[in-house]
Amino acid sequence: MDIYNYKEIRTPVFEETSLFSRSIGELTDIVGKEMYSFTDRSGNSLTLKPEMTAAVTRSYIQHNLGEKQPLTKVYYISPAFRQERPQAGRLRQFHQFGAEAIGGPNPEIDAEIISLSAAIYKNFDITDFEIRINSVGCQKCRDKYKTVLKSFLSTIADKLSSDSQRRIDTNPIRVLDSKDENDIKLTIDAPLMKDYLCGDCKIHFEKLQTLLHTAGVDFKVDGRIVRGLDYYTKTAFEIISNELGAQDALTGGGRYDLLVSELGGKPTPSVGFAAGMERLLMVLQKRNKLNRTTPHPKLFIAAMDDKSRDRVFQEIFKLRNKGISCDSDLLYRSLKAQMREADRQQAEYVIVIGENEIKSNRVTIKAMQTGNQQEISLDELPDYLSGN
RNA sequence: GUGUCCAUAGUUCAGUUGGUUAGAACGCCAGGUUGUGGCCCUGGAGGUCGAGGGUUCAAGUCCCUCUGGACACCCCA
């Protein structure tokens, strides 16, 4: 994100429900049946955010971010919530990372967003994915296209799946996105949006493609991509993994030129993408590239007997206040149990403090991996540990 | 919202045609060694068998409902 000069933005986990129904669209699945909505004590309907773009846009408008600079480039990493039946790659609480470039109409910005989202996977050495792009046009050309498409679909309506039949009126473009084999066959010759773009949209889409070539981004034009959120205009794109199961979309995004003004801001053309953290993690896990590292204490101090515990406690905090990670037994366990604990915690060093040590102010420090022991003065301990 | 499968110790799982106090491995705790972990040996703790109802002399086992989970549809990140 830094290389592309995007700054982090964080928004609350919940928003007013109307924000999402207005932006994502009343008739979409997300708003229609997947939101975690609830009423607060003042009777307002709130919703755990199902995606980030609407929340970021709200924040952009509310804080007049557009006044600070004409193009606002932000990224986020955030939990998101959708009440669906979970399955591989689909959780009710999941995490999205993404970016939004708010304030510019030019295809260079679309290309930057697509390139940025792809770069993230390449950074993880993931190359087995496919970028699919499409243009869903602007309001003008989309309306025209919808009537053409509707009349085409009505000729085959009785043969389509029931889902698709229902969509002919509500959202005909989605019929082309059907995964029903029969539907796919029937719509193979259906008119596609990209062939009905108005001059402006067509130039934008073509320019985007040459820019992506320049940026070195491989992609495929797929005239059937429709995103499930109503606010998209012109560019729509997806990144699909070849290594995941049924839930194979790593990233989805596109341009939303009307959203800011629909939510009460000035007309502000924008582009963005959202990606699923867990899906990225799944790909990494499949390739055994998920090496989780848990921190280990540098030192474990064991108490010889209960009389020495006060001194152990003292030493522990002396070291912690110097920024050295260390731990000790808090359960009054036997020396053997303390050693076992130190081993379990994979402490790098162990010292035992008892009567002798308190008297002489000298301790034997043991390197747990090698078993080597060395006698040093307690005062040298911080230097000994940080020197290594 | 739909379909298929599943639910027994902290974890992974056994548990016979329904039949006494429900087992193993790993993990956990303690001891073997009264100043030193891992390996080994010995012992111990830990289960409302997901919940509720039903059938039966008897249910972890059969039936119903519910809840939760996995996968798929759908949808999407």
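Lettering follows sequence order; numbering is per chain, from 1. As the structure is a prediction and not an experimental result, all values here were calculated from the model.
Rounded to a whole angstrom, the distance from the P atom of B:A51 to that of B:U61 is 11 Å. One C1' atom belongs to B:G32, the other to B:G68, and the distance between them is 45 Å to the nearest Å. Taking atom P in both B:G46 and B:C62, the straight-line distance is 29 Å, to the nearest Å. With C1' as the reference atom, B:A22 and B:G47 are 8 Å apart, rounded to whole Å. Rounded to a whole angstrom, the distance from the P atom of B:A77 to that of B:U4 is 29 Å. For the P atoms, the distance linking B:U8 with B:C75 amounts to 34 Å, nearest Å. B:C57 and B:G50: their P atoms are spaced 25 Å apart (whole Å). Taking the P atom of each, B:G19 and B:C26 are spaced 28 Å apart, rounded to whole Å.
Neither side chain, A:S241 nor A:D248, offers a donor N or O lying under 3.5 Å from an acceptor on the other. A side-chain N or O of A:N5 and one of A:K7 form a donor-acceptor pair less than 3.5 Å apart. In summary, the side chains of A:Y256 and A:E262 do not present any donor paired with an acceptor at a separation below 3.5 Å, with no hydrogens or angles considered. In summary, the side chains of A:N242 and A:D128 do present a donor paired with an acceptor at a separation below 3.5 Å, with no hydrogens or angles considered. In this structure, a donor-acceptor pair under 3.5 Å is absent between the side chains of A:S325 and A:R320.
Listed by first residue number, the stems of RNA chain B with at least three Watson-Crick or G-U pairs below 3.5 Å are B:1-7 with B:67-73, B:10-13 with B:23-26, B:28-32 with B:40-44, B:50-54 with B:62-66.
Within the 4.0 angstrom heavy-atom criterion, only backbone atoms of the sugar-phosphate kind lie near A:A337; the bases stay farther away.
For the atom pair CZ of A:F81 and CZ of A:R92, the computed distance is 13.0 Å after rounding to the nearest 0.5 Å.
For A:K318, the side-chain hydrogen bond (donor to acceptor under 3.5 Å, both in side chains) partners are A:E315, not counting sequence neighbours.
Between the CZ atom of A:R333 and the P atom of B:G31 there is a distance of 12 Å, given to the nearest Å. Put simply, CD on A:Q338 is 12 Å from P on B:G31, counting in whole angstrom units.
In this structure, A:Y349 has its ring center closer than 6.0 angstrom to the ring center of A:Y384.
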Anything under 3.5 Å between a donor and an acceptor, one on a side chain of residues 210-219 of chain A, the other on a protein residue two or more places apart or in another chain? List them.
from: A:T210; atom 1: OG1; to: A:K207; atom 2: O; distance (Å): 2.8
from: A:H213; atom 1: ND1; to: A:Q209; atom 2: O; distance (Å): 3.1
from: A:T214; atom 1: OG1; to: A:T210; atom 2: O; distance (Å): 2.9

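Although no hydrogens or angles enter the test, the distance criterion places a donor-acceptor pair under 3.5 Å between the side chain of A:K49 and the main chain of A:T11.
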Between protein and nucleotides 70-77 of chain B, map the contacts as a letter string: B base, S sugar-phosphate only, - none, heavy atoms under 4.0 Å, written 5' to 3'.
BBBBBBBB
Contact letters for nucleotides 33-41 of chain B, in which S counts primed atoms plus P, OP1 and OP2 and B counts the base, heavy atoms under 4.0 Å
--BBBS---
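Applying the ring pair (Phe, Tyr, Trp, His ring centres under 6.0 Å) test to pairs two or more places apart or on separate chains, those with a residue in residues 127-161 of chain A are A:Y121-A:F129, A:Y145-A:Y196.
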